[in-house]
Amino acid sequence: MQHPGSGCRVQAGDDQAIRRKVPAMEELDADAQLMLRYAAGDARAFEELYERNRAGLWRFIRRLVRDATVTDDVFQECWSRVIGSRGRYRPTARFTTWLYRIAHNCCMDHWRKSGRRAAHETTDDDAIAAAADVPASRPLAIAVAGEARARLSQALASLPEEQRVAFLLYVEGGLSVAEIAEQTGAGAETAKSRLRYAVARLKEALGNDAPVD
Amino acid sequence: MDPRNDEPFDRTPWRRLLGADSGAPTQGVDRRILAEARRALMPRVARWWLPASLAASLLLAVLIVQWQLADSGAPAHVTESDVLLTPAPIAADEAAPAAAMELPAQRQEEPAKPAANVAPPLIDVPILESRRAPVAEAPAAFGKLREKESYEESRTPEEWYADIEALRAAGRIKEADAELARFKSKYPGWLERHQQQNP
């Protein structure tokens with residue numbers, strides 16, 4: 001198995017013993033290269049890095065904390081940590097893996113400070129906003145897509161928190177099952193089960209609009 | 001899901017479904033983050049040189065003022081009240097109550113002296129004028145005061161007595177009498193011996 005971004009081969013199932021080394025510059029993903037350039041003093045590299053990741057990261061945080069104002073705060077805190085860690089950054093994995101780990105940690109810090117929301121809370125600003133974004137005058141296909149997104153957002157919001165975190169780390173963050181397990185402090189099989197249950201529930205909510213494997 | 005590998009399902013369609021029209025950070029947030037990123041790259045010296053140079057300038061100014069004060073023989077910390085407390089020969093009696101009001105507690109506890117002993121001709125700055133004088137003139141006045149005090153402390157009995165005689169010769173009888181009283185208290189019996197030796 002090729003560990004993402006590490007440039008070294010590891011045996012399948014040997015997740016705990018992933019050897020990490022700093023790969024050559026040409027082996028790095030584009031984000032990691034930009035981060036290294038930024039750490040070396042290139043401000044333009046950070047602008048590009050930010051532009052490539054801002055929307056996905058913001059959506060990830062938005063779906064976890066489910067409040068627009070808090071999302072902005074957590075999002076900003078996340079990038080502050082990225083900026084502050086530039087000197088210690090080592091590209092032992094894909095940049096996005098590292099970035100979404102930081103984002104997840106920021107979300108957990110927020111939950112610790114503010115008191116965790118109920119795991120099965122169904123009121124999701126995102127779902128409401130997505131549903132409201134579908135005016136009657138839109139073409140049918142777009143309206144249907146909008147409704148599907150709204151249903152997905154609502155279903156995502158109703159997932160148990162562990163499943164939602166695993167799903168978002170996998171889909172938005174691009175983390176592998178092993179990385180999700182490591183990040184959430186669960187075993188690889190547990191992480192995989194959470195993903196399986198999350199996808200099953202989301203497919204059920206979407207019906208025919210669900211992506212086909 | 002395929003349990004044999006680490007990719008249980010394809011992310012792309014899910015990401016596409018989640019990603020569209022889901023919002024993004026505001027421009028204000030973007031600006032703050034990019035500004036922070038640029039600020040972090042500024043050399044450390046550029047971040048502290050301005051406050052450091054201001055502090056250094058202030059310190060230099062204080063040192064120059066202290067050096068000038070020390071050079072003029074005045075104490076490092078001269079206040080207006082210190083200048084005002086200097087007894088003046090002309091208005092000694094009038095100044096005494098006012099001065100007593102401004103004296104520090106320990107100085108107020110000193111026993112009262114006779115008016116004749118209080119006002120030696122130390123400095124030719126009337127107290128009312130010195131009240132009007134700006135504080136900036138204080139160091140110069142103190143310079144003169146210190147010179148006179150130094151001279152008085154170092155002069156011999158013969159020189160002091162000669163000064164008293166000079167005052168008397170100049171018609172400043174009251175001042176001469178006051179000085180003579182101080183002289184007698186400091187050198188008791190000296191005048192009698194002197195008159196015996198120089199009849």
Side-chain angles (χ1 to χ4, degrees), chain A residues 1 4 12 15 38 41-43 46-47 49-51 54-63 68 71-73 75-76 78-80 82-84 86 126 129-130 133 145-146 148-149 152-153 156 167-168 170-172 174 176-179 188-189 192 195-196 199 202 206 209-213, chain B residues 1-68 76-77:
Chain A
M1 180 179 75
D15 295 330
Y38 171 61
D42 184 352
F46 182 85
E47 288 171 16
L49 180 70
Y50 180 72
E51 187 55 39
R54 62 187 274 280
L57 188 70
W58 193 88
R59 285 196 305 268
F60 171 76
I61 294 170
R62 179 83 164 86
R63 290 204 166 87
T71 299
D72 281 347
D73 292 343
F75 179 76
Q76 203 167 329
C78 175
W79 283 105
S80 289
V82 170
I83 292 164
R86 69 194 182 282
D126 234 10
D133 271 352
R149 276 200 304 277
L152 175 62
S153 292
L156 194 57
F167 179 82
L168 290 172
Y170 182 80
V171 172
E172 292 278 27
S176 66
V177 172
E179 288 167 339
E189 284 306 316
K192 203 174 280 186
L195 277 174
R196 191 184 301 126
V199 168
L202 295 176
L206 287 171
D209 295 321
V212 181
D213 287 336
Chain B
M1 270 184 230
D2 184 357
R4 289 170 300 178
N5 61 35
D6 206 25
E7 301 283 325
F9 58 91
D10 186 8
R11 296 175 174 88
T12 314
W14 288 101
R15 194 177 286 167
R16 196 178 298 127
L17 198 56
L18 281 171
D21 297 337
S22 297
T26 60
Q27 285 187 339
V29 172
D30 288 345
R31 270 199 304 273
R32 280 197 292 275
I33 291 168
L34 292 174
E36 186 182 345
R38 279 191 296 272
R39 212 168 34 244
L41 289 183
M42 285 171 66
R44 285 192 176 276
V45 64
R47 276 185 273 172
W48 60 259
W49 75 267
L50 184 62
S53 60
L54 285 174
S57 302
L58 187 65
L59 181 65
L60 189 63
V62 168
L63 287 175
I64 288 171
V65 168
Q66 282 194 332
W67 175 73
Q68 284 182 334
H77 300 287

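Numbers restart at 1 for each chain; the letters A, B, ... are given by sequence-line order, proteins then strands. Just so we're clear, the structure is a prediction, and the values are computed from it rather than from any experiment.
Remark: W14(B) CH2 to L206(A) CG distance equals 5.5 Å, nearest 0.5 Å. Put simply, OH on Y50(A) and CG on L34(B) are 6.0 Å apart, with the number rounded to the nearest 0.5 Å. In this structure, T26(B) OG1 and F75(A) CZ are separated by 9.0 Å, a value rounded to the nearest 0.5 Å.
Using a 4.5 Å cut-off on side-chain heavy atoms (C-beta onward), D30(B) and W58(A) make no contact. No side-chain heavy atom of P25(B) sits under 4.5 Å from any side-chain heavy atom of W79(A). Residues E36(B) and S80(A) form a side-chain contact, since some pair of their non-hydrogen atoms from C-beta on lies under 4.5 Å apart.
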Inset, instruction - Take R86(A) and L41(B), measure what side chain to side chain contact (heavy atoms under 4.5 Å, CB included) needs, and give me the verdict at the end. - result: CA-CA 10 Å; R86(A) 69 194 182 282; L41(B) 289 183; 4.0 Å; yes
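Taking all atoms of both residues into account, the shortest heavy-atom contact from R38(B) to A43(A) is CG-CB, 4.1 Å.
Note on ring orientation: taking the six-membered ring where Trp is involved, the planes of F9(B) and Y170(A) are tilted (angle from 30° to 60°).
Highest contact tally toward chain B, considering only L57(A), I83(A), V171(A), D72(A), is held by V171(A) [criterion: heavy-atom pairs under 4.5 Å]. Between chain B and the options E172(A), E189(A), R54(A), the largest number of non-hydrogen pairs under 4.5 Å is found for R54(A). Of the residues considered (P13(B), A37(B), G28(B)), A37(B) shows the highest number of contacts with chain A, using heavy-atom pairs under 4.5 Å.
Heavy atoms of D73(A) lying under 4.5 Å from chain B are absent altogether. For chain B, no part of I61(A) is nearby; none of its heavy atoms comes within less than 4.5 Å. Of the two parts of Y38(A), the backbone and the side chain both hold a non-hydrogen atom closer than 4.5 Å to a non-hydrogen atom of chain B.
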